[in-house]
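Report on the structure given below.
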Amino acid sequence: MNNPFTSIGFIGLGVMGEPMCHRLHEKSGLRVVVFDIDTKPLARARKAGITVAANLEDLASDTQFIFTSLPDGQALDRVAGELAPNLRSGHTFIDTSTAPVALTRRIAGQFNAAGADYADAPVARTREAARAGKLATMVGAEDAVLARIRPLLACYATDIIHCGDVGSGQVVKILNNMVLMQTVNALAEALTIGRRVGVDGGILFAALAEGSADSFALRNHGLKALLPGDFPGNAFSTIYARKDLSYALDLAEEVGIDAQGARAVEDVLDAAAAMGLGDAYWPALLAAIDDDLELDTFADTSNET
């Protein structure tokens, strides 16, 4: 890749962050420095030839682009607060987490005051897409900032959507997840109803896939999780889904919309978490809909890292 830059920092080697970081290491042609509180992905990073920073201060002093992939807004706020004293003109901060819009804009303002540029670039699709470099990313940034970081985003994303100024990437990602969760909830309801009236779930979903109910949610979450009852740990969990949906409901409240569909799914996710499925892959909300299912159906069968 042709560019004048030499170093990337990456903070947060979770389910999505780890493969994204490795894609940057493999495809960008730049030196990558990482930090995480979990030693296991750091060991894998070292094995791949990626530099591990001792702390966030060292990472900031050693890199020009700083990526974050963090579990929630609280983690982003904490990391941003630790980084802020070490930022300087020439730094570009790219947050790939899903985080509250107001928080994103506040942190961006603080970083801009220090001379650093900011882009919110949350990602969508699955962890398999992350490994294959086929994510979608919704970007909130000035045109010049996006032009600078686009070659880096392209290391792990095939679809780069410029949504507007800082914060707009988070708006689009949060609403994407709101729609996705309502769709998966509808699929779980349809699957349960169909089975109870004697229709095979595989036939039902195959028919939906050929009709007007076809969707990404059906072909991925429906066929790969709901139908076989496969809800592993170390994937996007019920708790994380509930967190993202809360951001959507906060946005709805801000603009005076009573998002009844989203609130209904929030109740289902809450019920699934109360059943002990908070850490399970979030389509496990099926258990809160189909009370005929035994909870051992939802055991962690794929402890993938």
Side-chain angles (χ1 to χ4, degrees), residues 1 5-88 91-99 107 111 116 118-123 125-135 137 149 152-157 232-237 239-240 243 278-281 300 302-305:
M1 187 177 72
F5 305 106
T6 60
S7 57
I8 299 169
F10 204 103
I11 303 166
L13 302 181
V15 170
M16 300 298 278
E18 183 173 11
M20 290 162 62
C21 176
H22 283 261
R23 292 285 305 185
L24 285 164
H25 171 64
E26 294 162 6
K27 300 294 182 180
S28 70
L30 307 183
R31 178 170 170 266
V32 177
V33 181
V34 300
F35 181 81
D36 196 282
I37 58 174
D38 186 347
T39 59
K40 292 179 180 178
L42 291 181
R44 292 190 288 269
R46 284 193 183 94
K47 187 175 181 180
I50 299 172
T51 302
V52 175
N55 51 53
L56 293 178
E57 181 179 358
D58 287 354
L59 182 142
S61 68
D62 199 22
T63 57
Q64 293 157 310
F65 296 96
I66 301 175
F67 285 78
T68 48
S69 179
L70 300 166
D72 53 36
Q74 288 182 328
L76 174 63
D77 198 17
R78 185 168 59 251
V79 166
E82 291 187 40
L83 285 173
N86 305 294
L87 294 177
R88 62 184 185 277
H91 267 133
T92 302
F93 186 89
I94 306 104
D95 178 40
T96 72
S97 322
T98 304
I107 294 172
F111 283 18
Y118 193 105
D120 53 299
V123 295
R125 297 181 182 149
T126 63
R127 57 182 170 178
E128 288 79 11
R131 291 168 181 153
K134 295 181 179 180
L135 291 171
T137 181
I149 66 175
L152 302 180
L153 302 180
C155 292
Y156 57 74
N234 294 314
F236 192 77
S237 70
I239 292 171
Y240 282 0
K243 176 262 301 181
D279 293 328
Y281 183 39
D300 183 355
S302 178
N303 223 356
E304 190 173 354
T305 56

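- Atoms CD1 and CD1, from Ile66 and Ile8 in turn, are 11.5 Å apart once rounded to the nearest 0.5 Å.
- Between atom NE2 of residue His25 and atom OG1 of residue Thr51 there is a gap of 8.5 Å, rounded to the nearest 0.5 Å.
- Under the side-chain hydrogen bond (donor to acceptor under 3.5 Å, both in side chains) criterion, Asp62 pairs with Arg31, not counting sequence neighbours.
- Between the side chain of Arg46 and the main chain of Val52, no donor-acceptor pair closer than 3.5 Å is present.
- Contact record, Glu18 with Arg44: OE2-NE, 2.7 Å, taken as the closest heavy-atom pair.
- Side-chain atoms of Leu153 and Ile94, non-hydrogen and from C-beta on, do get closer than 4.5 Å to each other.
- With values rounded to the nearest 0.5 angstrom, Asn86 atom CG is found 8.0 Å from His91 atom NE2.
- Looking at heavy atoms from C-beta onward, Met16 lies out of side-chain contact with Thr96 at the 4.5 angstrom threshold.
- No side-chain N or O of Asp279 forms a donor-acceptor pair with one of Ser237 less than 3.5 Å apart.
- Shortest non-hydrogen contact noted between Cys155 and Arg23 is O-NE, 3.0 Å.
- Put simply, the side chain of Asn55 does not reach to within 4.5 Å of the side chain of Glu82, judged on heavy atoms.
- A distance-only check finds a donor-acceptor pair linking the side chain of Lys243 to the backbone of Pro71 [under 3.5 Å].
- Rounded to the nearest 0.5 Å, atoms CG (Asp120) and OG1 (Thr137) are 8.5 Å apart.
- Proximity of Asp95 to Ile107: side-chain heavy atoms (C-beta onward) are nowhere separated by under 4.5 Å.
- Minimum interatomic distance between Ser97 and Pro122 (heavy atoms only, all atoms of both residues): O-CB, 3.2 Å.
- Taking the salt bridge (charged side-chain N to carboxylate O under 4.0 Å, His left out) definition, one finds that Arg88 meets it with nothing, sequence neighbours left out.
- Under the ring-ring contact (aromatic ring centres under 6.0 Å, His included) test applied with Tyr118, the options Phe93, Phe67, Phe65 reduce to a single match, Phe93.
- Scanning all heavy atoms of the two residues, the minimum distance from Leu76 to Ala99 falls at CD2-CB, 3.6 Å.
- Contact record, Asp38 with Asp36: N-OD1, 2.6 Å, taken as the closest heavy-atom pair.
- For the pair Cys21 and Leu13, the tightest heavy-atom approach, listed with the atom from each and the gap, is CB-CD2, 3.7 Å.
- The closest side-chain heavy-atom distance from Leu24 to Leu30 is not below 4.5 Å.
- Rounding to the nearest 0.5 Å places CG of Leu59 at 4.5 Å from OG1 of Thr63.
- With rounding to the nearest 0.5 angstrom, the CD atom of Glu57 is 11.5 Å from the CZ atom of Phe35.
- The environment of OH in Tyr240 is sparse: at most 12 heavy-atom neighbours from other residues, nucleotides or ligands sit within 6.0 Å.
- Applying the ring-ring contact (aromatic ring centres under 6.0 Å, His included) rule to Tyr156 yields no partners; only residues at least two apart in sequence or on another chain are considered.
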